[in-house]
Every structure is written in C-alpha cells, then in structure tokens.
Engineer: 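Can you read through this structure? Questions will come right after.
The figures that follow rest on heavy atoms only: side chains count, while hydrogens, waters and symmetry mates do not. All values derive from a computational prediction rather than experimental measurement.
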Amino acid sequence: MKKLSDLLSAIEIQRTIGDSAAPVEITAVTADSRQVVPGALFVAVRGTSVDGHQFIPRAAELGAAVIVCEELPPIIETQVIYVEVPSSAVALGQIASAWWDNPSSKLRLVGVTGTNGKTTTATLIYEMARLLGHKAGLLSTVANYVDDERIPATHTTPDPLSLNELLHRMVEAGCTYAAMEVSSHAAHQHRISGLTFAGGVFTNLTRDHLDYHKTVEAYLKAKKSFFDRLPSAAFALTNADDKNGAVMLQNTRASRYTYSLQSPDADFRGRIIESRLDGTLASFNGTEVELLFTGRFNIYNLTAVYGASILLGWDRDDVLRCMSRLVPVAGRFQAFHSPKGYTAIVDYAHTPDAVVNVIQAIREVVGATGRIITVVGAGGNRDHGKRPIMAREAALRSEQLILTSDNPRDENPQDIIDQMAEGLDSEQAARTLQIPDRRQAILTATMLATPGSVVLIAGKGHEDYQEIAGVKHHFDDREEIRNIISREKETLSK
C-alpha cells in the first residue's frame, strides 16, 4: 500500500473534492474499473475507443477511495476523494511510477524511437550491457526481459502500470541498465509519462501508423515529444542521415549527439567495408569490426548502438570487442540456407521503407545479376495508403513478386492484395503472383528459387501467429521455411 499524499505529490492537480490531505492508504492503482478493489485509486483515462470517465460511478460503487479524472462526474459520492487533473493519461504514468517506487530513476534507461530499427537497436543495447557484465532489462516488441528472464510482450510499449511493474522487477533483480522501444502510440498516449530516461535514440522516420496518427506531421510530433521531454542530464542521439534527425533535437534539453554512415562531422560514424549475406566488415569511428549482420539499415542500427554504448560510459575498446559478438534479433534479416542453393531471408519489414531497405541489403550482396523473389503482404485494419506503395517498391527491386496475406485481421485478404496490386504497372504485374494463402505463397517462392537466388519473406518476422477474421492462428514464417528446407534435405538424401 502507498499513502495517497505520496502518489498525488507526483502530479499536477487542478482541484480536489474531499480531504486529499487525510492519511489515506491506497490499496491498488488501476485505470480499469473492473480491477477496482476497496481502497483503490482509479484513474479515468480517455482512450481511443473508450472513455474511462463513463466508468467513474462503477469505480465508486466497487469501493474506490480516490478517483483521478479530467472532468468531475455529475454525482459526487461523499466517501470518495476526487482529484481533477489536466491530463489523466499523464497523471496515470506519474502515479504508476510513484506506486512502483520510481524504478526508472534507479536504472540507466535508454529509449529508442523511430519507424524502423527500434527493436534491433533496443535489443542490442540490452545485449551489449549483458556482454559487458551488467545486469540489464529490455522492453521490446519481440519480448521483455528482466535480466535473463523472458516475459512475453503484448505491446511495443506496455501500459504505464505494467511498464513500471516491469521496471520495478528489473531493479529488484539487480539490473542497472534497461533499454526500451518507445512507440509513437506510447508517446502520444503518455504511456512513458513519469519515467526518467538516461538517453534517447532516434533511428529514422518514414510513413507508418497513419491509421492512428492520420498525418505524417502528427506522427513526427509524437516521436519528437519523446525527445522534448528528456531531462538535461540525458543524451539525445539521432540519425544525422535522416532529414528528421535534426528535428528531434530542436527543443530537447538533453545533450545532443549524432550518428551517421555519410557525414564525417557526426559524433559516431559507421562505414561498410564489405557486405555478405552472413555478415559485414564495418568500421566505427575508424576501427574495423567483423559483424554478424547484413545490410546498410543494420549498420545504421549498430552505429546507434555503438554511440549509445559510449554515451552510457562504457569503455570504447570493450564495446568494439562486443560488437562482433552481437547477433541478429529473431525475425530481423534471419537467414536460412537451402540445400538447393538458395537463401531464404525472414524479416519483419512491414512498411515501404523497411521493404526497400531489406531488398537493397540483399541486392548489395547478390549484385545486379542476382535473383530476388519477394513474398510480402500488408496488415488488415491498418494504413491502406501504404499498400500499393509497398507492392510497387518490392516489384521495382525484385525479379519475382508474390503478394500474399499478412495479418488480414477483419479484412478480406484478397481485398488487401488487390489494393497492393494497384501500385503495379503492367510489366510488374506480369511477374507478380497473387497467392492469399501465406503458407502456399512461401512454398511457391522456394519452388521458383534457383541456386544463388534469395527468397525474402517480409512482414511478420518474429511473429508466431496470423490473425484472420479476428482470430489468431499459429503461423511462423521461420517455422515454415525450416520445414521446407528439412523436406528438401530428405528429398536430396534419397
């Protein structure tokens, strides 16, 4: 339990009804009225589809001692203390942090935001900390980790209460560092309110999540708000090669740093020396390192990791030694080699820019004469505008394109494919297949592959499910390709 006065000291209060100075002990904090217990503090948050204010009477009925809200209800219950605030979402984050003893202030927490590369960059900062002998935590799309304990992830950035509970568990486990993805949704919805960051990293910004943000400008502002809120003691590290990198730094109080593969003036400079499907020889600020990663986009991520590591105070030589030991994140440019001589790449690329980056990374290795077969779809109930763009960008860079189902959710898979196909000209359409069944699409791609070909399976990466008509079914691109290669080996051994 916590004293009410300790929880309220963290937030901005407009007015209160009831004796908020009384020695009230709070039994629980929640933004879900169904979880209210006697003595709880309920925060009424305006969500994207549901307004928590409509559940204030129910929370009072269930025994809430305190209700934090933006708008007082028409009926005031005498046994309840009402606290009116400018933003319930901001207050929830601050109260959640106080409830869990401000765990982020006891960690050196680095947030990573951007369209692409968040998961890889955050995960590799976490891995770097552990390779250097530190206990660390991770909050990511793929999974959350409390040191070496894996905890399944349900959101890129959890709700404030879950988020602070995880950070608290990290502190309890002896972690001193943590890395987390900061999604645009989380920044806009104030899920990171109340957290203390040691640093922030910006990867890049391209079109995504316009179903939520509506405009690229609003999407940009959501990302930028993370840097605007960084404290003066933190560092802000941005990609100097992205036109929005400088925008992120405009109003930040944090110390400003840049990384780049192009600018000699950047604080942290990466360079590709030699690229292969199984790795890259690169250099960081002039020192060569052999890496287990492929593709220019990955070297951007690793340059950000190198920069963040140095800014966290880790020894440069130790960091460089550990760079060569870092391994790709599951479902991010994950390579599988067939006995028939082709290579399959599974990648999470689900935006036009990400698809371009992955195919270009493959092209850098196989050259102009290499054959690339791309299998790609687009998620349902999401930004429709990017669908024809994704198909066009994939077709421009692949010898063969197969349009298939991703997570259609509540949409008809063929309707999504038809919208993707609208981006193709007649020549591109002539070398494009439409196969709604994703398993069959992947199998077809491998059957079309010849020795030296590369099959790119894009869009789902680490995901082990496919959501169809609102129901999640088990499906894993990596599992599919492993099964195909296993059958190929059996056939060839006969």
Engineer: Within the side chain of T280, is there an N or O that forms a donor-acceptor pair under 3.5 Å with the backbone of L291?
Structural biologist: no
Engineer: Which heavy-atom pair separates A236 from L230 by the least distance, and what is that distance?
Structural biologist: CB-CD1, 4.1 Å
Engineer: With a 4.5 Å limit on heavy-atom distance, are the side chains of S183 and T113 in contact?
Structural biologist: no
Engineer: Got T258 and L237 here, is their nearest side-chain heavy-atom distance under 4.5 Å?
Structural biologist: no
Engineer: Would you confirm whether R296, through its side chain, and E364, through its main-chain N or O, come within 3.5 Å as a donor-acceptor pair?
Structural biologist: no
Engineer: Donor-acceptor check, side chain of K118 to backbone of G114, threshold 3.5 angstrom: yes or no?
Structural biologist: yes
Engineer: Is there a donor-acceptor pair under 3.5 Å between the side chain of N116 and the backbone N or O of H350?
Structural biologist: no
Engineer: Find out whether W100 and L166 are in side-chain contact, i.e. whether some heavy atom of one side chain is under 4.5 Å from a heavy atom of the other.
Structural biologist: no
Engineer: For this output row, return yes or no: ring centroids of F268 and F284 closer than 6.0 angstrom.
Structural biologist: no
Engineer: With a 3.5 Å cut-off and no angle check, do the side chains of S105 and N102 form a donor-acceptor pair?
Structural biologist: no
Engineer: May I ask you to check whether R478 and H462 show a side-chain donor-acceptor distance below 3.5 Å?
Structural biologist: no
Engineer: Please determine whether the number of non-hydrogen atoms from other residues, nucleotides or ligands lying under 6.0 Å from atom NZ of K221 exceeds 12.
Structural biologist: no
Engineer: Backbone N or O of Q262 within a donor-acceptor pair of the D241 side chain at under 3.5 Å?
Structural biologist: yes
Engineer: For R321, is there an ion pair with D317 - N to carboxylate O distance below 4.0 angstrom?
Structural biologist: no
Engineer: Please set out all donor-acceptor pairs under 3.5 angstrom arising from side-chain atoms of residues 65-81, sequence neighbours excluded.
Structural biologist:
from, atom 1, to, atom 2, distance (Å)
E70, OE1, R46, NE, 3.0
E70, OE2, S88, N, 2.9
E71, OE1, R46, NH2, 3.3

Engineer: Locate the shortest heavy-atom distance separating P328 from L292; write the atom from each residue and the value.
Structural biologist: CG-O, 3.3 Å
Engineer: Taking L249's backbone N and O only, do any of them form a donor-acceptor pair with R256's side chain (distance below 3.5 Å, no angle check)?
Structural biologist: yes
Engineer: Partners of Q35 by side chain to side chain donor-acceptor pair (under 3.5 Å), sequence neighbours excluded?
Structural biologist: T30
Engineer: Verify the distance criterion only: is there a donor paired with an acceptor across the side chains of N204 and D353 at less than 3.5 Å?
Structural biologist: no
Engineer: Contact between V36 and F55 at the side-chain level, heavy atoms closer than 4.5 Å - yes or no?
Structural biologist: no
Engineer: Rounded at 0.5 Å granularity, tell me how far NE2 in H474 sits from NZ in K472.
Structural biologist: 13.5 Å
Engineer: Distance only, no hydrogens: is a donor on one side chain within 3.5 Å (strictly under) of an acceptor on the other, for T119 and R332?
Structural biologist: yes
Engineer: Keeping the roles fixed (side chain from E411, backbone from N381), state whether a donor-acceptor pair exists under 3.5 Å.
Structural biologist: yes
Engineer: Could I get the full list of side chain to side chain donor-acceptor pair (under 3.5 Å) partners for N407, not counting sequence neighbours?
Structural biologist: K460, E463
Engineer: Measure from the side-chain N and O atoms of R130 to the backbone N and O of E127, and report whether any donor-acceptor pair falls under 3.5 Å.
Structural biologist: no
Engineer: Starting at CG of L456, measure out to CZ of F333 and round the result to the nearest 0.5 Å.
Structural biologist: 8.0 Å
Engineer: Ignoring hydrogens and angles, tell me if any N or O in the side chain of T27 forms a donor-acceptor pair with the backbone of A40 under 3.5 Å.
Structural biologist: yes
Engineer: If you define the side chain from C-beta out and look only at heavy atoms, does anything of L139 sit under 4.5 Å from Y145?
Structural biologist: no
Engineer: Would you kindly say whether E467 and H473 are connected by a side-chain donor-acceptor distance under 3.5 Å?
Structural biologist: no
Engineer: May I ask you to check whether Y300 and T121 show a side-chain donor-acceptor distance below 3.5 Å?
Structural biologist: no
Engineer: Applying side chain to side chain donor-acceptor pair (under 3.5 Å), can you list everything that pairs with R169, at least two apart in sequence or on another chain?
Structural biologist: E149
Engineer: Could you tell me if Y306 and R316 have a donor-acceptor pair between their side chains, going purely by distance under 3.5 Å?
Structural biologist: yes
Engineer: I need the Q14 CD to E84 CD distance, nearest 0.5 Å.
Structural biologist: 5.0 Å
Engineer: Suppose we screen for side chain to side chain donor-acceptor pair (under 3.5 Å). Which residues come up paired with R409, at least two apart in sequence or across chains?
Structural biologist: none
Engineer: Is a donor on one side and an acceptor on the other found under 3.5 Å between the side chain of N244 and the backbone of V247?
Structural biologist: no
Engineer: Would you indicate whether the side-chain heavy atoms of Y259 and T203 approach each other to under 4.5 Å?
Structural biologist: yes
Engineer: Taking C-beta and beyond as the side chain, do E61 and I56 meet within less than 4.5 Å on heavy atoms?
Structural biologist: no
Engineer: Could you check whether F202 and F226 have their ring centres less than 6.0 Å apart?
Structural biologist: no
Engineer: Could you check if a side-chain atom of S104 sits within less than 4.5 angstrom of a side-chain atom of F197, using non-hydrogen atoms only?
Structural biologist: no
Engineer: Not counting sequence neighbours, list each pair that qualifies as a side-chain hydrogen bond (donor to acceptor under 3.5 Å, both in side chains) and has a residue in residues 2-12.
Structural biologist: K2-D101
